[in-house]
Amino acid sequence: MRTFYQKHKKTLSLFDGFFLNNTVLERGLVIAPIIVAGNTMKNAVMLSIAFVIITFITVFVSSFIPKKFPYTIRAILHTVLAAIVFIPVSILLQNFFPEAVYKTGIFLPLLVTNSLIVSKSESRFFKKTRGKMAVDLISHVLGFMLVACLVGALREILGNGTFWGNSLGMSETAPALMFPFAGFIILGFLAAALQKFRRYLNQEPKREPEASNE
Amino acid sequence: MGDTVRIGKAKRKKVLSEADRTRRSKHIDLIVTLIPVALMAVYYYGIRVLILAACAIIFSVLSDYLCLRLCGDRKWQSYDFSSVISPLILVLILPASIPYWLAVVGVLIATFVAKYPFGGYGKNIFNPAAVAFAVLALGWPDKVLSYPQPFDNLGVSFTVGGSLTNGVAYRLQLGGAPAIPVMDRLLGNFAGPMGATCILVLMACGLYLLVRRTISWQVVTGTLGSAAAMAFLFPRVSVSRVDSVVFELIAGVLVFGAVFMASDPVTSPKTGWGKALYGVLLGVLTMLFRYFGKMEITFVFALLLCNAVAPKCDEYMALLIQAAKRAARRLAKKPLAPKTQGE
């Protein structure tokens with residue numbers, strides 16, 4: 001795996017945002033919704049769908065805003081655009097996840113001002129061509145979805161003994177996992193595991209010692 | 001070449017620095033004083049206490065070793081007995097009816113969450129036993145905050161049947177004074193955390209540790225003094241003020257925590273005045289949480305907050321003392337009133 005990664009590093013770096021440069025685990029961005037609101041699979045899926053749609057559409061459309069405008073104005077326009085996109089997204093989610101929208105509280109509307117829209121769009125995405133930007137953006141938003149769903153599933157199964165609201169018949173659960181502090185701890189461990197894996201991939205493979213000529 | 005390596009290894013085995021020797025002797029003192037507390041718990045609650053302690057210590061040692069290997073080390077430091085002390089402290093602030101698996105979960109939390117993510121022993125910010133207890137109390141309040149009566153036959157099965165009751169802290173929270181005879185209050189013959197109720201033994205252990213300078217008197221007297229003062233000035237229950245002080249001191253894990261947890265040299269301040277401030281802050285916060293909070297065991301949460309601000313206690317007290325010294329020097333240098341002519 002390491003050899004394959006090092007051989008195709010340049011190609012694979014296009015999709016870094018999904019795993020190795022994951023928005024949440026590697027960069028520590030957009031962690032609040034996952035930690036506080038993402039304690040069930042339903043909440044996590046709902047937050048992920050909202051994040052994917054709002055972020056992708058906003059950043060992609062914002063890439064057409066001319067650079068003539070000062071940065072301050074552009075940042076405000078990004079957020080206004082995200083807020084406009086949020087309206088139909090929240091109506092859509094209200095139809096499919098009525099309870100989950102209520103349970104996530106402020107953290108769903110907060111996605112409008114997430115770091116990918118406000119700062120990473122200028123510092124990372126807009127520096128690429130549109131095609132590469134779209135691929136990078138999709139990797140990043142799917143990376144968020146991966147982490148949110150993983151954490152949500154873990155917390156719901158072990159904390160509540162349910163999955164998607166359906167009981168799994170577990171005799172003992174760990175209700176502490178439903179609290180935000182457990183979300184912090186789980187994210188911390190996942191981030192540590194990802195760091196370990198990155199170091200492993202970037203390590204130089206051990207060379208076999210040359211046979212001595214005697 | 002081989003001789004040099006052997007000589008080097010031999011030297012490393014023999015030489016312990018003065019600081020390491022002091023640390024080792026403090027750890028041994030703590031273990032020596034935790035033993036009588038554990039024996040009192042065995043006297044009240046039976047052999048189950050020993051099994052809980054054994055499970056906790058075994059899993060603590062194993063998880064410590066695993067973490068050391070993950071960090072690239074193979075050996076413990078010869079002064080480090082924290083993998084025995086922390087689980088013992090944790091078990092003694094839990095009820096005797098706690099399931100074995102929950103004690104093990106607590107120990108694993110102490111190691112994997114509170115200790116090694118910060119760098120291992122000597123680098124942790126928060127007291128591992130306090131972190132573990134806080135997580136267990138928030139996650140499983142029905143199991144962690146319900147206690148068997150002393151001399152109940154708990155057996156050694158994985159879960160305990162029979163009735164459990166609330167502790168003194170819960171009754172005080174509701175505004176009622178517990179009906180416990182005076183001798184029972186001192187000897188711990190009432191429902192509560194298994195190692196935190198026997199006040200006489202805790203005071204004797206505390207005295208021994210103070211004389212040996214294993215724990216700092218500033219932290220202990222600051223914590224207990226400020227908590228007692230608040231209980232005297234603002235009693236929660238309608239009894240005499242002295243009784244209010246006694247009940248507040250025996251409730252929860254205040255005395256046990258002041259002796260065994262608050263003076264942890266890794267997580268507490270380093271200077272004398274810093275420790276005094278830390279102790280007072282700890283006692284005041286514990287009482288405030290009791291007055292206004294919902295949890296009945298408040299000491300560990302106050303301790304975690306104080307651990308976070310421990311370095312600042314040193315800093316602010318140093319600034320305060322410097323300011324006081326400057327003010328004193330200025331007052332000393334102030335000129336006398338001028339003499340009038342003719343004198």
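Atom CZ of F126(B) sits about 11.0 Å away from atom SG of C306(B), to the nearest 0.5 Å.
Side-chain atoms of L304(B) and V131(B), non-hydrogen and from C-beta on, do get closer than 4.5 Å to each other. Proximity of F197(A) to L20(A): side-chain heavy atoms (C-beta onward) are separated by under 4.5 Å at one or more points. Y45(B) is not listed as a side-chain neighbour of D152(B), based on a closest heavy-atom distance of 4.5 Å or more. Inter-residue side-chain proximity for P95(B) and M194(B) is flagged as unmet; no heavy-atom pair is nearer than 4.5 Å.
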Which N or O donor-acceptor pairs, by atom type, sit under 3.5 Å across chain B and chain A?
from: W140(B); atom 1: NE1; to: T173(A); atom 2: O; distance (Å): 3.0

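In the model, Y278(B) has a side-chain atom that pairs as donor or acceptor with a side-chain atom of N307(B) under 3.5 Å.
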